[in-house]
Amino acid sequence: MEPRPLNEIPVAAVAALAGALGLAIGSFLNVVAHRLPRGESVVSPPSACPDCGTEIRARHNVPVLGWLVLRGRCYDCGAPISARYPLLEAGTGVLFVLTALRFGDELRLLPAYLAFAAIGVVLAVIDLDTRRLPNAIVLPSYVVLGALLAIGWDGESLLRAGLGAAILFGFFFAVAMAAPGGMGFGDVKLAGIVGGMTAYLSWGSLLVGAFLGFLLGAVAGVLLMAASRAGRKSAVPFGPFMILGAWASILGASHLGEYYLDLIGL
């Protein structure tokens, strides 16, 4: 029997495979988010309990299920294990499923946007933890995502992605220079990635992704100040809101931007 062409594989099957892959990658992203900011290897040593130092058994390392079986506690010493670990794994799995459903009919784009999903998740977590967006992740992402997008051989979309990356990078750079300390250069570098990945789909996607990033960041800042959790000069990580805005646009909100551009005749 001849293998079924990629464009004939049921979207539900692709989504299920993507979800399983997302759970596994989410487990690895937990390691990256914890170790990379500390300058530690993400490959070795194997994961271990931070309290007793006992290496985590393979059967307890199954994403989400391992934490549930252990009831959130170390098998050896009973120390609590943060719920953040299964939440990040499950969240990555859900985002992978949504990405597969979005690009199930455009499988040539799926690898690029799954990679962007993983990159976005780990950068958001690290930024929330450390107020940093490490160059070790951001800069190689330009090359990796660009190469994956090029698989589609869509010259017009690639050109638009390049222009979108330059435009959003330039805009964020101007904001950072105009208001020193108000925005980090990690955000500027991330803006190029967000601009490229949204603009590849359409100018409307770029517009909505950028706008939602600023809107969500502003709303979060106001809410934190209202709750006395932050002041006007407090550093609120902006990267997670940029990523959230980009994914809201990619997964469907881009139609608002396209409608607006049509309305003004662009």
Side-chain angles (χ1 to χ4, degrees), residues 1-29 32 63-64 88-124 137-165 168 190 192-210 212-213 242-259 261:
M1 178 182 294
E2 294 185 2
R4 179 179 294 185
L6 284 177
N7 59 357
E8 292 184 10
I9 298 176
V11 173
V14 175
L17 290 173
L21 177 63
L23 290 172
I25 288 179
S27 182
F28 176 66
L29 296 183
V32 175
V64 181
L88 191 148
E89 292 163 353
T92 306
V94 169
L95 184 54
F96 270 45
V97 169
L98 293 175
T99 304
L101 293 175
R102 167 65 175 84
F103 295 101
D105 296 327
E106 301 174 277
L107 290 180
R108 61 187 177 81
L109 296 179
L110 187 55
Y113 284 91
L114 288 179
F116 181 45
I119 290 166
V121 168
V122 75
L123 285 177
I137 297 176
V138 175
L139 297 183
S141 295
Y142 279 90
V143 178
V144 172
L145 295 175
L148 290 174
L149 286 176
I151 293 175
W153 292 102
D154 186 338
E156 181 179 347
S157 295
L158 282 173
L159 176 60
R160 189 171 58 243
L163 291 173
L168 205 58
L190 176 59
I193 295 173
V194 168
M197 296 305 290
T198 53
Y200 184 92
L201 301 176
S202 70
W203 289 118
S205 181
L206 169 64
L207 179 64
V208 171
L212 284 178
M242 296 170 63
I243 293 163
L244 187 58
W247 275 101
S249 179
I250 291 168
L251 294 176
S254 61
H255 295 301
L256 297 174
E258 290 155 13
Y259 173 76
L261 293 176

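None of the values given here were measured: they were computed from a predicted structure. All values below come from the heavy atoms of this structure, side chains included, with hydrogens, waters and symmetry mates left out.
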Q: Starting from the C-alpha separation in whole Å, work towards a yes-or-no answer on side-chain contact (heavy atoms from CB on, under 4.5 Å) for Y259 and V208.
A: CA-CA 11 Å; Y259 173 76; V208 171; over 6 Å; no
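- Minimum interatomic distance between L98 and L251 (heavy atoms only, all atoms of both residues): O-CD2, 3.8 Å.
- Across all non-hydrogen atoms, the minimal contact from A117 to L95 is CB-CD2, 3.6 Å.
- L206 CG to S249 OG: the interatomic distance, rounded to the nearest 0.5 Å, is 8.0 Å.
- Rounded to the nearest 0.5 Å, atoms OG1 (T198) and CZ (F116) are 7.5 Å apart.
- The line from CG of L23 to CZ of F96 is 9.5 Å long, rounded to the nearest 0.5 Å.
- Scanning all heavy atoms of the two residues, the minimum distance from V138 to L190 falls at CG1-N, 4.2 Å.
- The shortest distance between side-chain heavy atoms of V11 and L101 falls below 4.5 Å.
- Using modelled atom types, one side-chain atom of Y113 and one backbone atom of M197 make a donor-acceptor pair closer than 3.5 Å.
- Atom CG in L110 sits 11.0 Å away from atom CG in D105 (nearest 0.5 Å).
- In this structure a side-chain-to-backbone donor-acceptor pair under 3.5 Å is missing from E258 to G204.
- The two atoms that bring L149 and A112 nearest to each other are CD2-CB, 3.7 Å, heavy atoms only.
- Between atom CG of residue L145 and atom CD1 of residue I119 there is a gap of 4.0 Å, rounded to the nearest 0.5 Å.
- For the pair A118 and I25, the tightest heavy-atom approach, listed with the atom from each and the gap, is CB-CG2, 4.1 Å.
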Q.
Could you go through Y200 and L109, starting from their C-alpha distance and side-chain angles, then the distance that decides it, and tell me whether this counts as side-chain contact (heavy atoms from CB on, under 4.5 Å)?
A. CA-CA 10 Å; Y200 184 92; L109 296 179; 3.4 Å; yes
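- Residues L201 and F103 have side chains in contact (heavy-atom distance under 4.5 Å, counting atoms from C-beta outward).
- L148 CG to R108 CZ: the interatomic distance, rounded to the nearest 0.5 Å, is 13.0 Å.
- When all heavy atoms of S157 and D154 are compared, the pair lying nearest together is OG-OD2, 2.9 Å.
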